[in-house]
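Read through the structure below, which is laid out as structure tokens, and then see the notes.
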Amino acid sequence: MRHGKYPFVVGFLFAPVALYVTFVIWPYAQAFQISMTNWRGLSAPQWVGFDNYRRLLDDGAFWKAVQHHGVLLLALPLITIAIALFFAFLLNVGGKSSGGQRQGVWGAKFYRVVFFFPQVLAVAIIAVLFQMVYRPNESGLINGVLMKLGLDPILFLVEPNLALWSILAVLVWQAVGFYVVLFSAGMASIPGEIYEAAEMDGASRVTLFFRVTLPLLWDTLQVAWVYLGIAAFDAFAIVAVLSVDGGGPDGATTVLAMEIYRNAFVYSKYGYASAMGVALFFLTLTFAALTLRLTKRESVEY
Amino acid sequence: MNPQSTLPPTPAALPPKTGEESAPGGRRGKDPRSEVRLFAGLGHVALAVWAVIVIVPILWTFLAAFKNTSEIFSSPWTLPAELRWENFGRAWTKAHVGRYFLNSVFVVACSTFGTMLLGSMAAYVLARYRFWGNRAIYYLFVSGLAFPVFLALVPLFFVVKQLGMLDTYQGVILVYIAYSLPFTIFFLAAFFKTLPSSVAEAGLIDGCGHTRLFFQVMMPMAKPGLISVAIFNIIGQWAQYQLPLVLLSNAKDKWVLTQGIADISVNAGYEADWSGLFAALTIAILPMIIVYAVFQRQIQAGLTSGAVK
């Protein structure tokens, strides 16, 4: 019965492994090596050791990008999770209860469908869309209203202090619906009797949320935080398309992915760009490890 | 300070059954009904506001696609004077949106098919067969989940170039497949493990080969999992921007939709065919709305089942 097992196993694994090693593993391995060279694409690469990394430390654009990741890393998960939790709570247990069954508010189904929709749109398309929304003159969606009301237009993407937050707002706009659905799934698995019992004891909606829902949802929250953190480390498409000349004005919205792309494919500094890639790799790894360590706690059994 | 005030209210002070807000008779200490009403009221406002924030930019884009340039610039909040379908024609042919759209369909169709075929084959073998190196190969794949694509961007570009696949469909398709494998295998391996082994054994005893067993018995049984992962991959690959930007940069006729529309908006903005750009955006968004409206349940389940591991 077991004859022909090995040819079969090899046959099934060969193509996937070959593709994966060629296009994923091999480039990853090379990235570390290229980051130690001064390769510019034309002549053979020369070994320069940690020179690229030393230059990174003095690179203003690099530090600006790291700083922006810091802002995004804190703000994106905090804002998105707060809004999504609030909505998910309303949609699942915010309404009245009938016969011990907690219900969402009226129209919960409709909201869940609408909120999720931005998730299926490509980020690059959303970025083009919001270029129109944010346009600084009266042809923009928001400024068109403001100027009709006789107010000064807001320079969403042009004002350096505002640009990163404008981009962050779009990321939140896109993400909220996904996490509403994710948290809804988590909340649906919390038994109704727990709410029932808490209410019997006179718990208010607010108490219910902080003392019952939140602790029982902890695992889902952790997943959400890691996912949003990874999104905060990426953000290439939105910065490349939405911001003023790719990371501008004057580097006010740049991210590491943008700098890697620019250094490699505009300036042909392949070695330097790879060093940034390695730096990004370690930042992501540190973030994931820290998150898992910091959010580790006894999960509540129910 | 009166220590009494810090004590929790005695059970007697509480209404007997707070669980039923609809119960008549409001002899309640803090009147939870008004609390509920206030909370639900505020909640409704918040939900409605967010729905407006999501819908209005998209609706506004659709309307602007029918306007002409002067309408777009003078009054962004009024309806178009007439339905100018020619904006769509201009976007589809002159701005090549039709071409980009079909490229996207072709690339995503091929790469999702390839991802599902190769991914399920590898996942199946890794999940259900014991052999030397099984765990090593599995972890090799799964480790790909942790790395950002940007780390590998530069070497990847040169690997594809050396293989002579830069600016070709097959280059992009193979790279999409390779980068979709970690999640696909991770998810499907777990799924194949849950399938009962009795069916597989019966098939083998009846003289069914391993390959036939996979395609005719196991794959149909794994359909729910396959659909979830396929949805995840289709949406992810459709939205891809970075990889085609690097791998197809010099072959404009092979550009995908995201790349094409971003290019119209970033580079051709000075030519100021705004209505054409709005029409292009509408062409990009509308099919997704239709597909989402039809498969809304499966899409939500597919994408979120990917997130909860």
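Just so you know, these numbers come straight off a predicted model, no measurement behind them.
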Engaged part of B/A64 at the chain A interface, taking heavy atoms whose separation is under 4.5 Å: neither
Parallel, tilted or perpendicular, as decided by the 30° and 60° cut-offs, for the rings of A/Y28 and B/Y179: perpendicular
A/I83 portion near chain B, given a 4.5 angstrom heavy-atom threshold: side chain
Full working for side chain to side chain donor-acceptor pair (under 3.5 Å) between B/T258 and B/Q240: CA-CA 7 Å; B/T258 48; B/Q240 188 52 253; over 6 Å; no
Over 12 non-hydrogen atoms of neighbours within 6.0 angstrom of CZ in A/F32: yes
Heavy-atom side-chain contact between A/F209 and A/F86 under 4.5 Å: no
Structural part of A/I125 lying under 4.5 Å from a heavy atom of chain B: both
Heavy-atom pair count under 4.5 Å with chain B, highest-scoring of A/A273, A/A31, A/P118: A/A31
Heavy-atom proximity to chain B below 4.5 Å, by part of A/A288: neither
Non-hydrogen side-chain atoms of A/W173 and A/F130 separated by less than 4.5 Å: yes
Which atoms of B/I235 approach chain A - backbone, side chain, both or neither, heavy atom under 4.5 Å: side chain
Residue among A/A237, A/A127, A/A198, A/A264 with most heavy-atom pairs under 4.5 Å to chain B: A/A237
B/Y241, part contacting chain A, at a heavy-atom distance under 4.5 Å: side chain
B/Y176 and B/L243, any side-chain heavy atoms less than 4.5 Å apart: yes
Contacting moiety of A/Q119, where chain B heavy atoms sit under 4.5 Å: both
Interface residue of largest heavy-atom contact number with chain B, from A/S35, A/A279, A/G11, A/A124, under 4.5 Å: A/A124
Heavy-atom contact with chain B under 4.5 Å, split by part of A/L19: both
Interatomic spacing from CH2 in B/W274 to OG in B/S265 - rounded to 0.5 Å: 7.5 Å
B/V54, part contacting chain A, at a heavy-atom distance under 4.5 Å: both
Atom group of B/I55 that falls short of 4.5 Å from chain A, counting heavy atoms: side chain
Heavy-atom contact with chain A under 4.5 Å, split by part of B/I285: both
Heavy-atom pairs under 4.5 Å with chain B, option from A/I126, A/V123, A/V9 with the top count: A/V9
A/Q131 side chain vs A/S243 backbone, donor-acceptor pair below 3.5 Å: no
Whether B/Y292 and A/F116 hold their rings parallel, tilted or perpendicular, with breakpoints at 30° and 60°: parallel
Contact origin within B/L126 toward chain A - heavy atom pairs under 4.5 Å: side chain
Aromatic plane relationship, A/F115 with B/W50 - under 30° parallel, 30 to 60° tilted, over 60° perpendicular: perpendicular
Mutual orientation of the aromatic rings belonging to A/F8 and B/Y129 [parallel < 30°, tilted 30-60°, perpendicular > 60°]: tilted
Choice from B/I53, B/V175, B/L140 maximising heavy atom contacts with chain A below 4.5 Å: B/L140
A/L129 versus chain B, the contacting section by heavy-atom distance below 4.5 Å: both
Contacting moiety of B/Y124, where chain A heavy atoms sit under 4.5 Å: side chain
Part of A/Q30 within contact of chain B (heavy atom distance under 4.5 Å): both
Pick from B/P182, B/G119, B/G209 with the largest number of heavy-atom pairs that fall under 4.5 Å of chain A: B/P182
Parallel, tilted or perpendicular: rings of B/F157 and A/F265 (30°, 60°): perpendicular
Contact origin within A/A122 toward chain B - heavy atom pairs under 4.5 Å: both
Parallel, tilted or perpendicular: ring planes of A/W39 versus B/F158, cut at 30 and 60 degrees: tilted
Most chain A-contacting option - heavy-atom pairs closer than 4.5 Å, from B/I299, B/V291, B/L245: B/L245
Heavy-atom pair count under 4.5 Å with chain A, highest-scoring of B/I137, B/I58, B/V149: B/I58
Choice from B/Q296, B/Q242, B/M288 maximising heavy atom contacts with chain A below 4.5 Å: B/Q242
Ring centre gap for A/F236 and A/Y261 strictly below 6.0 Å: yes
4.5 Å side-chain heavy-atom contact, A/M147 and A/I142: no
Top of A/W26, A/F117, A/F14, A/Y270 for chain B proximity - count of heavy-atom pairs under 4.5 angstrom: A/F117
Choice from A/I260, A/T284, A/L121 maximising heavy atom contacts with chain B below 4.5 Å: A/L121
A/F281/B/F150 aromatic ring centres below 6.0 Å: no
Inter-residue atom distance A/D234.CG - A/I230.CD1, 0.5 Å rounding: 9.5 Å
Structural part of A/Y111 lying under 4.5 Å from a heavy atom of chain B: side chain
Between B/A280, B/A152, B/A239, the one whose heavy-atom pairs under 4.5 Å with chain A are most numerous: B/A152
